[in-house]
Structures are given as structure tokens and as C-alpha cells.
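Throughout, protein chains are lettered first and strands after them, A, B, ... in sequence-line order, and every chain is numbered starting at 1. Here the structure is a predicted model, which is why all the values come from computation and not from measurement.
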Protein chains: 2
Amino acid sequence: MNKKKVSLKDIAEKAQVSTALVSYVLNGKEKESRVGHEIAVKIKQIAKELNYQPNYLAKSLRSGKTQTIGLIIADISNPFFANIARIVEDEAKKNGYTVIIGSSDETAEKSWDLITVFLNRQVDGFIIVSSENTEEQIQYLLERNVPFVLLDRHFPEIPTDFVSLNSFKAAYDAGSHLVRGGYKNIGLIAYKSQLFHMQERIRGYRFSLEDNQIPFRPEWLKEVGFNTIEEEIKVGIDDMLASGFAVDALIFATYRLAITGLKYINSLGLKVPDDLAIVSFGQAEAFDLYYCPITYVLQPMEELGKTAVEILIQKLKKPDSNKKQILMEAKLMARNSSRPKASVF
Amino acid sequence: MNKKKVSLKDIAEKAQVSTALVSYVLNGKEKESRVGHEIAVKIKQIAKELNYQPNYLAKSLRSGKTQTIGLIIADISNPFFANIARIVEDEAKKNGYTVIIGSSDETAEKSWDLITVFLNRQVDGFIIVSSENTEEQIQYLLERNVPFVLLDRHFPEIPTDFVSLNSFKAAYDAGSHLVRGGYKNIGLIAYKSQLFHMQERIRGYRFSLEDNQIPFRPEWLKEVGFNTIEEEIKVGIDDMLASGFAVDALIFATYRLAITGLKYINSLGLKVPDDLAIVSFGQAEAFDLYYCPITYVLQPMEELGKTAVEILIQKLKKPDSNKKQILMEAKLMARNSSRPKASVF
DNA sequence: GTTTTTTGTTTAATCGATTAAACATACATT
DNA sequence: AATGTATGTTTAATCGATTAAACAAAAAAC
């Protein structure tokens with residue numbers, strides 16, 4: 001990068017004034033700082049001539065504000081998070097902020113790394129999709145008074161701002177929908193995770209059975225590890241099908257679980273929904289394209305992302321405002337993969 | 001962010017030495033700067049105690065290096081770019097760099113915006129997936145001597161570093177594969193774009209026909225606008241099928257085109273591959289999950305992304321090294337959607 | 001016992017901007 | 001004429017680190 005950048009000083013020299021005046025003029029403070037009109041015009045002209053671009057590092061160092069938001073998600077290559085990232089990017093840009101994105105791979109270590117790196121880079125605040133066992137990280141941010149908003153997941157026992165989904169309700173709706181369609185043996189494949197939103201999905205599912213007088217059977221619930229989903233899903237599905245109470249419908253607690261599960265279901269030659277009805281969380285092109293369009297829980301992504309940014313920016317302006325805690329409602333999009341059983345009619 | 005950050009000065013005061021010593025010690029320059037051993041130990045200890053984290057803004061302002069890479073892609077919510085972004089993120093992190101991502105939506109304006117914003121933020125270099133009509137932006141970067149590498153797309157007439165795909169060969173292979181399978185009327189749906197990689201895909205497709213003595217028919221080639229793909233693809237496919245030489249096979253030049261096209265093909269009730277064989281660029285879960293797995297052109301994403309980062313970092317170290325221009329080969333992954341016509345056997 | 005060298009540490013400029021405070025005129029008021 | 005008030009501009013400190021150069025004291029050389 002030669003052709004050295006023009007600085008305030010360069011303009012000042014050319015205009016034969018001090019850098020202070022240049023700074024005032026270029027920041028629109030001519031009035032307050034009562035800069036002479038002719039000089040102001042001259043400065044503006046020279047700035048344009050030299051195509052002056054302020055150095056944000058210097059600005060930030062001085063002001064303590066970088067106009068940068070750190071976004072921590074599980075994995076940018078996962079469409080769900082990529083979607084969110086895009087929404088956050090756009091909304092942040094509208095407000096003059098730039099976003100740095102980091103993928104935690106659902107691990108607490110990487111999440112710590114990212115928080116540290118981002119803090120060193122002086123981000124003004126964070127939007128975080130929390131991984132398991134990151135409570136201490138959240139506490140750390142709270143203690144240090146770093147502005148942040150949790151997105152999609154939150155810790156009910158820690159008082160923070162957050163925007164997430166009413167997972168209980170969403171799962172409850174998914175289960176009830178299947179029951180109404182005449183399905184009796186309904187399974188759930190979720191992640192083995194203590195994260196609240198995952199536990200809520202499980203709880204919602206179980207409540208939907210309970211409320212419909214369907215006794216829950218342990219073999220209907222499979223919790224798979226993040227790093228072993230392929231194998232565990234296979235075993236899990238085999239198990240669910242082999243059981244004395246073989247499932248006739250299956251709920252997937254996330255998009256990735258569904259994709260992996262469906263591949264296996266395809267390979268088994270099972271027909272959806274006749275052999276097995278399907279409902280999944282998260283939307284995706286793959287669901288539309290499937291031979292039998294997949295019923296899914298539509299999360300209000302746009303709203304989730306936008307609101308998170310809004311709350312954060314609000315917080316950056318007024319650090320001591322009240323905590324905003326928002327649970328948004330999902331909407332069940334019924335498609336063919338969970339159509340009512342023929343026998344019902 | 002109260003609990004004010006600890007700075008070099010804080011450590012210096014506590015250790016009763018000047019900031020210079022602290023800086024030397026914490027940067028591992030004890031030896032060169034012959035700092036007293038006891039003092040060094042003391043400084044390190046205090047730094048740890050106070051959990052000192054250097055301020056990168058200050059560091060960067062001084063050094064002129066931000067250890068930040070600007071990545072400009074078309075859209076982070078597109079799985080293809082999300083994938084690349086993840087690879088770039090990881091590779092950059094390995095080398096101590098942070099990535100800022102921006103989505104251009106294939107427009108020259110947004111691309112300019114991003115370049116300007118990122119330059120103001122003093123990124124050390126760029127990795128760019130160029131949009132149409134951004135040649136002047138590339139020239140600008142060249143003139144200003146800003147290090148950058150083009151990824152996935154390049155301008156043959158501008159001498160830059162780049163890493164992209166041999167699109168001609170990939171498209172030629174796709175076409176030849178279909179011809180070998182007994183398909184005679186092969187269509188291509190591409191973007192209406194002067195971008196080289198797109199033109200190369202078209203050229204490769206046409207050459208594959210030509211080389212196999214299949215006379216090309218204009219109605220087999222549809223070029224659709226970025227912002228109107230839904231409608232144009234519908235019309236295009238209708239047109240191709242209505243033609244006197246109705247297509248029996250279709251190549252999609254990108255992932256997004258394929259997804260959109262397949263939805264429409266589904267809605268028409270066409271059976272793949274019996275009614276219409278399919279080959280597409282770009283891989284995706286949706287292709288695996290489709291009732292008839294889609295044949296696709298496998299791009300070496302990992303290599304593309306990694307190499308781009310490597311070249312850029314190399315360039316950052318040695319700004320005047322020779323331009324690296326790399327064309328990688330794709331691999332056709334034959335699946336059921338393009339299985340040889342029954343009549344062939 | 002000087003002079004030189006080595007060792008250890010501080011000083012101060014610098015990166016590029018912002019901004020309170022000081023300074024210098026011109027103009028108005030009494 | 002003396003004082004007060006606008007108006008316009010500069011000075012210099014500051015943000016947090018880096019680093020060449022200056023300095024001081026101890027050790028080695030002659």
C-alpha cells in the first residue's frame with residue numbers, strides 16, 4: 001500500500017491551517033467551532049481533491065469506539081447461521097457498524113478465543129449464539145460491562161439481554177400437529193446438550209404427548225452428540241424403528257439433524273410420510289426440494305437478527321437501560337411430510 | 001465497558017519501570033533489548049496478574065498493520081459463499097488474521113462501498129469474489145498497491161493474483177458426460193453476466209456439443225438476470241421444453257440456479273432423470289437429499305479458499321513477488337440425475 | 001586510574017485523529 | 001479610551017502502543 005494515504009495533516013498543510021480546523025470542518029462542526037466560511041470551503045475542496053479518507057484506527061483509538069460488532073455463531077457454513085449473519089450484517093451496516101464474524105463450532109474454547117480476540121480488537125459489543133458451558137464467558141462479559149445480546153439461545157438463570165425463539169411452544173406445536181394428524185408414536189431427535197433452547201424443545205415435545213394422553217416411551221427420544229451425529233442418528237433411527245412401539249413420525253430439533261436424518265431415511269428406502277412423517281426445525285431449500293416437502297418450524301430469522309442488532313445498538317447508546325428479553329414465536333409450516341394419516345379419514 | 005482496560009502504562013507503574021521495558025518484555029524482545037532478568041520476570045507476572053490484553057488499535061495505528069483481511073463475496077447467506085467464508089476464516093485465524101466479511105449482492109456499488117469501508121478500517125488486504133463491472137475497482141486497488149487476491153472469478157485482461165476454477169473444462173466435462181449418457185438435446189441455464197467464469201461455462205458447454213457433432217440450438221441456452229431468476233427460469237425451462245428440439249438434459253451453471261430450477265421442475269411433475277437429466281455446478285445438501293441425487297461439479301472449495309489466503313498472506317509479507325494465477329480443476333460427481341439413458345443399453 | 005565496553009533503563013517521537021483551552025483579532029458597548 | 005464580546009485559529013494533550021536514541025551505571029580493558 002504505497003501511494004501513502006492522505007491524512008488530516010496533509011490537508012492542513014495544503015490549506016495552510018492547523019489540523020484542528022480540518023478536523024472541525026470535516027466533522028461538520030464548522031458552526032460550533034465557528035470556522036471561517038471561506039476556509040471551510042477551501043478545506044472541503046482540498047479534502048475532496050486529495051480523496052481524503054479518515055483513518056478509523058486513529059479515530060477509534062481516540063474515541064474508544066470502533067463501530068464494530070463481534071458476531072459469534074456456531075458455524076458460518078451452516079445455512080441457519082449464514083442467514084442470521086447476513087441479516088445482522090445488513091442491519092449493522094445500516095447503522096454504521098461493521099461486523100466481525102467468528103465460528104465457535106459449538107465449543108467453549110473457540111468461543112473464549114473469539115471473545116478474547118474480538119475484545120482485543122475493541123469491538124463495541126457482541127451478538128452471541130452461545131455454546132454449551134459458556135456461562136462463565138457470559139458472566140465475564142457482564143462483569144466487565146461489555147455490551148452484548150444473546151441470540152437464538154439464552155441462559156434462563158443469567159440476567160442478560162436476549163432474543164430467542166419460544167422453543168417450548170414450537171416443539172409443543174410440532175408434536176400436537178402430528179398427534180392431530182393421527183400419528184401416535186412420535187419420536188424426537190435432538191442434540192445432547194444442556195442448552196436451554198434444546199431442553200425446551202425436548203420439554204415441549206414431551207408435553208405435547210402428555211397433553212394428548214400418549215405415554216412417552218424413552219426409545220422415542222434420541223439425543224446425539226454434536227460431533228457424532230451421523231452415526232448416532234443412524235443407530236437412533238434404527239432403534240426407534242425396531243422398538244415394540246416403532247415410531248410413525250419423527251421430529252428433528254434442528255436443520256442439521258434433519259438433513260442428516262433424511263439422508264439415512266432415504267437410504268433405508270422409507271417413504272415420507274407414509275412410512276414415517278417428518279417435522280423439522282429450521283427452514284432450508286433442501287426441505288422445499290425434497291420429493292415430499294418437509295413440514296418445518298419457521299423461525300422469524302429476519303426479526304430475530306434485526307432485533308438483536310437493534311437491542312445491541314440501543315445498549316451501546318444507553319448502556320444502563322433495562323435488559324430486554326424477547327421470546328419470539330415460531331410458525332409451523334405444514335407441508336406434505338406430515339399430512340394427516342389416511343386412516344384418519 | 002467500565003472496569004477500565006489495563007494498559008502498558010498500568011503495568012509500568014505497578015512495576016516501577018517505563019512503558020518501554022514493559023513493551024520489550026511482552027513482545028519477547030528481552031534479549032535484543034537486554035532487559036534485566038528479574039525485572040522481566042516481574043513484568044510478566046504483573047501482566048498476567050492484571051490479565052493484560054494489548055490494544056490492537058494502538059498496535060495497528062503504530063505498525064500500519066491490522067492483521068485483518070477483508071473478504072468480499074456475493075452473499076454470505078448463499079451456501080457456496082458461506083462455505084468459502086468458513087474456510088477463509090479458519091485459514092486466516094491460523095495465521096493470526098481476522099476476517100471481515102461483506103456481501104456485495106453481485107452489485108458494483110455495494111462492492112465499492114465495501115472496499116471503501118474496509119480500506120478506511122485499514123484492512124491489510126482483500127480476498128474478493130468479483131461482481132460484474134468491477135474492473136475499475138480492481139484497477140484502483142492495483143494502482144493504490146493494495147494487496148488482494150481474486151477468488152472464484154477473475155478478469156483475464158487484468159493482471160492480478162487469482163485462484164479460480166477452470167470453468168471451461170468443468171462445463172465441457174458436464175456436457176460431454178451427458179452426451180456420453182445418450183442425451184442429445186442438452187440445455188444450459190446460466191446467469192446473464194459478462195463475468196469470465198460464466199462466459200467460460202457457456203463456452204465449455206457449447207464446445208462439448210460441438211465436439212460431439214451436436215448442432216447447438218439457441219433455445220437451449222438461457223441466460224437469466226440475477227434479480228429475476230425465478231421468473232426467467234420458469235419461462236426458460238418452458239421454452240426449452242416446448243421447442244421442436246425439447247431438451248432431455250439440463251445443466252445449471254450455479255447452485256442457486258439449480259435449486260430454483262429444480263423447484264420448478266418438481267412443480268411441473270417432471271421426473272429426473274427420465275424426463276429430464278440434470279447436472280449442476282456447486283455442491284449442496286439439497287443435491288444429496290433430492291429423490292434422485294443430483295450430479296454435480298465438485299469444486300475444490302477447501303483448496304480454493306486456503307490457497308487464496310496463502311497467496312494473500314505471502315503477498316503481505318513480500319509485496320512484490322510475482323503474480324500467482326491459479327486455475328483449479330473441478331471433478332464431476334456422477335449421480336443418478338444424469339445416469340445413461342436406458343435406450344443406450 | 002582512565003578509557004572503553006557492556007548492560008540496563010528512560011526519554012521522547014510517532015502513528016492519525018479529536019478537542020479543551022489558550023490565544024489573537026475585530027467589533028461592539030459604554 | 002477602556003472594557004467586553006464575538007469571531008477565528010492554533011496549541012498541545014490525549015488515546016495505547018512501539019522503538020530509536022539518549023543516558024547512566026557497572027564491568028572490562030589498557
Side-chain angles (χ1 to χ4, degrees), chain A residues 1-2 4-44 46-47 50-68 119-124, chain B residues 1-2 4-44 46-47 50-68 119-124:
Chain A
M1 268 195 237
N2 59 13
K4 58 207 169 299
K5 291 211 58 162
V6 286
S7 67
L8 268 196
K9 213 168 147 195
D10 298 324
I11 299 182
E13 271 162 21
K14 193 148 186 189
Q16 312 253 50
V17 295
S18 70
T19 60
L21 276 198
V22 181
S23 172
Y24 290 139
V25 170
L26 298 183
N27 286 299
K29 303 219 175 120
E30 315 173 32
K31 289 278 133 48
E32 300 98 294
S33 310
R34 31 189 165 65
V35 179
H37 182 251
E38 282 163 39
I39 293 265
V41 171
K42 186 172 174 193
I43 288 173
K44 280 185 203 158
I46 293 179
L50 300 184
N51 185 30
Y52 168 72
Q53 302 288 146
N55 182 324
Y56 270 72
L57 289 181
K59 255 185 149 86
S60 297
L61 181 58
R62 185 79 221 283
S63 67
K65 301 270 157 265
T66 52
Q67 298 289 110
T68 302
L119 277 179
N120 289 353
R121 285 173 180 268
Q122 318 293 123
V123 296
D124 291 341
Chain B
M1 270 196 235
N2 60 13
K4 59 209 167 298
K5 290 214 59 162
V6 287
S7 68
L8 269 197
K9 213 167 148 197
D10 298 324
I11 300 183
E13 270 164 22
K14 193 149 186 188
Q16 312 252 52
V17 294
S18 69
T19 61
L21 276 197
V22 180
S23 173
Y24 290 138
V25 170
L26 298 183
N27 286 300
K29 303 218 175 122
E30 314 173 33
K31 289 277 131 50
E32 301 98 295
S33 311
R34 32 192 162 65
V35 178
H37 182 251
E38 282 163 40
I39 293 266
V41 171
K42 186 172 173 193
I43 288 173
K44 280 183 202 158
I46 294 179
L50 301 184
N51 184 31
Y52 169 71
Q53 303 287 148
N55 182 323
Y56 270 73
L57 289 180
K59 257 185 147 85
S60 297
L61 181 58
R62 185 76 219 284
S63 67
K65 300 270 159 265
T66 52
Q67 298 288 110
T68 303
L119 277 178
N120 289 353
R121 285 174 180 266
Q122 318 294 125
V123 296
D124 291 341

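At whole-Å resolution of the value, NZ in B/K29 and P in C/dT7 are 20 Å apart. Look at CG on B/N27: it is 15 Å from C1' on D/dA20, rounded to the nearest Å. Remark: C1' of D/dT10 and CG of A/L8 are 15 Å apart, rounded to the nearest angstrom. In this structure, the CG atom of B/N55 is 17 Å from the P atom of D/dT14, given to the nearest Å. B/Q16 places its CD atom 14 Å from the C1' atom of C/dT10, with the value rounded to the nearest Å. Between the CD atom of B/E30 and the C1' atom of C/dT9 there is a distance of 15 Å, given to the nearest Å. One atom, CD of B/E32, and another, P of C/dT7, lie 14 Å apart when rounded to the nearest Å. Computed from coordinates, the B/K59 NZ to C/dG16 P distance equals 18 Å when rounded to whole Å.
In this structure, the separation between CD1 on B/I11 and CD1 on B/I43 is 8.0 Å, given to the nearest 0.5 Å. Taking NZ from A/K59 and CD from A/Q67, the interatomic distance works out to 10.0 Å, rounded to the nearest 0.5 Å.
Among the nucleotides D/dT9, C/dT19, D/dA17, the one closest to any side-chain atom of A/L21 is D/dT9. When distances are taken from the side chain of A/R34 to each of D/dT9, C/dT10, C/dG8, the shortest belongs to D/dT9. Minimum atom distance to the side chain of A/P54 is reached by C/dA17, of the listed D/dT9, C/dA17, D/dT19.
Backbone-only engagement by A/S7 is indicated by non-hydrogen atom pairs under 4.0 Å involving sugar-phosphate atoms exclusively. Note on B/I39: only backbone sugar-phosphate atoms sit closer than 4.0 angstrom, heavy atoms only; bases stay farther off.
The residue among A/T19 and A/S33 whose nearest nucleotide of DNA chain D lies closer to the 5′ end is A/S33. If B/L61 and B/H37 are placed on DNA chain C by their nearest nucleotide, the residue sitting closer to the 5' end is B/H37. Judged by closest nucleotide on DNA chain C, B/G36 is the one of B/G36 and A/Y24 placed further toward the 5' end.
The nearest pair of heavy atoms linking B/V6 to B/D10 is CA-OD2, 3.1 Å. A/S7 approaches A/Y52 most closely through the heavy-atom pair C-CE1, 3.8 Å.
Within the 4.0 Å cut-off from OP1 or OP2 of C/dT10, at least one side-chain nitrogen or oxygen of B/S18 is found. Using a 4.0 Å cut-off, no side-chain N or O of B/K5 falls inside it from OP1 or OP2 of D/dG16. Taking only side-chain nitrogens and oxygens, A/Y52 comes nearer than 4.0 Å to OP1 or OP2 of C/dA17.
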